[in-house]
Colleague: 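Starting off with a structure, shown below.
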Amino acid sequence: MQNIIVTGGAGFIGSNFVHHVIAERPDWHVTVLDKLTYAGNRANLEGLPADRLTFVHGDIADAEVVDSLVAKANAVVHYAAESHNDNSLQNPRPFIDTNLTGTYTLLEAVRRHDVRFHHISTDEVYGDLQLDDPARFTEHTPYNPSSPYSSTKAGSDLLVRAWVRSFGVRATISNCSNNYGPYQHIEKFIPRQITNVLSGIRPKLYGAGLNVRDWIHTNDHSSAVLKVLEEGRIGETYLIGADGEQNNKTVVELILELMGKDPHDYDHVNDRPGHDLRYAIDSTKLRTELGWQPKFTDFRTGLADTIAWYSEHESWWTAQKAAVEAQYAKAGQ
Ligand code: NAD
Ligand code: TDX
């Protein structure tokens, strides 16, 4: 497998995966196909060797562009998506176009050219768990998405499954928990709070802040995806998680503490409509079947490194900060 397409490779998790692959697989060439929406940034790919990376500015829902690239590739790793729940509550349309029509367009191309496909998805397709529920999501948990975002991701997963069964497409799916790390857009929870503190704004916690997310460092997500791409069984789904459950209140307080501030110096703001209570992943299948293990499991250290990254890369995010906060202010958040 030498020539892979990474869709959404200029976004947060996709760009981290591109860095990982370039470092770990010296004989591979990566073609990034990215529309450069507000969430895509070419700077995320700076410093990578030009002879091993081709950047194509295009839409995954554009059948002509997709077909011409897929015809020359050995595999497609599909990260491109509209990814933010809050945006999907304001305007669901782009989520339908990219997450559903875009995935359909890629599936038709890999079907035509018999190219290996790996689909990146989320634990949010399973809905949420109660705080006191000992259960975690497994590959057998029924789909029950809550938001326009998670319902389009669930729909895209089902398209992949149907294309495997009906057309013999050689695909795998992975559903990962909440990622954190460098290059994450500042609309998302952790970078929003870090950049708030750096900008002299009090962090904003939705509701009481008791909602739980299962945090994984994006480097661990990358190693898991590479594992599934190379060794996963065709037609199978693998859940990716690193046992990182934390409630939002604890995370905000830890960010403030690590940044040398009063840990209680934050605001409670309007809750998200339909806000999922808790996500938790059981990644036993990936660990036992494919022998994957996470490496970046010390959340305090990972968060401190992430804070350092945003502090050292102010020029990466400052231009967007005012507009992101103005958008949140409209929703009282
Ligand atoms: P992101 O919003 O940071 O990046 C998305 C990228 O896709 C951007 O570069 C954007 O320009 C590109 N894109 C959007 N629409 C496109 C289109 N029509 N054609 C081509 N490119 C397009 O997202 P992220 O947080 O990096 O998430 C990447 C993937 O991982 C998504 O599929 C998401 O559902 C999934 N995921 C995310 C998380 C998380 O915690 N962020 C967790 C599990 C799964
Ligand atoms: O300012 C905030 N305050 C706050 O309390 C923001 C932006 C969020 N929150 C809460 C909402 C969630 O409980 O923090 C938690 C995390 O929020 P997000 O960063 O928006 O992530 P989430 O909705 O959990 O979804 C993320 O993980 C799963 C990604 O954005 C998805 O793409 C992925 O599928």
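One is the number of the first residue; the rest follow in order along the sequence. Just follow the structure's listing: the first ligand is 1, and inside any ligand the first atom is 1.
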Colleague: May I ask you to decide if the ring planes of F299 and W215 are parallel, tilted or perpendicular, using 30° and 60° as cut-offs?
Modeller: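 If you compare the ring of F299 with that of W215, the planes turn out parallel.
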
Colleague: Verify whether one side chain among T237 and K285 offers a donor that lies under 3.5 Å from an acceptor in the other.
Modeller: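 Side chains of T237 and K285: no pair found under 3.5 Å.
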
Colleague: Tell me whether the centres of the aromatic rings in H185 and Y38 are closer together than 6.0 Å.
Modeller: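 Judged by ring-centre distance (under 6.0 Å), H185 and Y38 do meet the cut-off.
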
Colleague: Would you tell me whether S199 and K321 have side-chain atoms, one donor and one acceptor, within less than 3.5 Å of each other?
Modeller: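 Judged by distance alone, the side chains do not pair up.
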
Colleague: Measuring from each atom of ligand 1, which residues have a heavy atom under 4.0 Å away?
Modeller: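 Residue list for ligand 1: G8, A10, G11, F12, I13, D34, K35, L36, T37, A39, G40, G58, D59, I60, Y79, A80, A81, S83, T98, I120, S121, T122, Y149, K153, C176, S177, N178, N179.
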
Colleague: Could you tell me how the ring of H78 sits relative to the ring of H119: parallel (under 30°), tilted (30 to 60°) or perpendicular (over 60°)?
Modeller: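 Judged by the thresholds at 30° and 60°, the geometry between H78 and H119 is tilted.
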
Colleague: Tabulating one pair per line, provide the atom names and distances (0.1 Å) for every N/O atom of ligand 2 that is less than 3.5 Å from a protein N/O atom.
Modeller:
from     : atom 1 : to   : atom 2 : distance (Å)
ligand 2 : 1 (O)  : R192 : NH1    : 2.7
ligand 2 : 1 (O)  : Q193 : NE2    : 3.1
ligand 2 : 1 (O)  : K204 : O      : 3.4
ligand 2 : 3 (N)  : K204 : O      : 2.9
ligand 2 : 5 (O)  : Y206 : N      : 2.8
ligand 2 : 13 (O) : R213 : NH2    : 3.2
ligand 2 : 13 (O) : N248 : ND2    : 2.9
ligand 2 : 13 (O) : H275 : NE2    : 2.7
ligand 2 : 14 (O) : N248 : ND2    : 3.4
ligand 2 : 19 (O) : F189 : N      : 2.9
ligand 2 : 20 (O) : R272 : NH2    : 2.8
ligand 2 : 23 (O) : N85  : ND2    : 2.9
ligand 2 : 23 (O) : R272 : NH1    : 2.6
ligand 2 : 24 (O) : N178 : ND2    : 2.9
ligand 2 : 24 (O) : R213 : NE     : 2.7
ligand 2 : 25 (O) : E124 : OE2    : 2.7
ligand 2 : 27 (O) : N178 : OD1    : 3.3
ligand 2 : 27 (O) : N178 : ND2    : 3.1
ligand 2 : 30 (O) : S83  : O      : 3.4
ligand 2 : 32 (O) : S83  : O      : 2.8
ligand 2 : 32 (O) : Y149 : OH     : 3.0
ligand 2 : 34 (O) : T122 : OG1    : 2.7
ligand 2 : 34 (O) : Y149 : OH     : 2.5

Colleague: Please list all pairs passing the side chain to side chain donor-acceptor pair (under 3.5 Å) test where one or both residues lie in residues 40-50, with sequence neighbours left out.
Modeller: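 Qualifying pairs, neighbours excluded: N44-W316.
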
Colleague: Identify whether NZ of Lys or CZ of Arg in R213 sits under 6.0 Å from the centre of the six-membered ring of F189 and within 45° of that ring's axis.
Modeller: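 The answer is no; the distance or angle limit is not met.
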
Colleague: Between D282 and L239, does a side chain to side chain contact (heavy atoms under 4.5 Å, CB included) hold up when you go through it step by step?
Modeller: CA-CA 7 Å; D282 178 347; L239 263 54; 5.8 Å; no

Colleague: Write out all pairs satisfying side chain to side chain donor-acceptor pair (under 3.5 Å) with one or both partners inside residues 125-142, taking only residues at least two apart or from two chains.
Modeller: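 Residue pairs with at least one partner in residues 125-142: R136-D243.
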
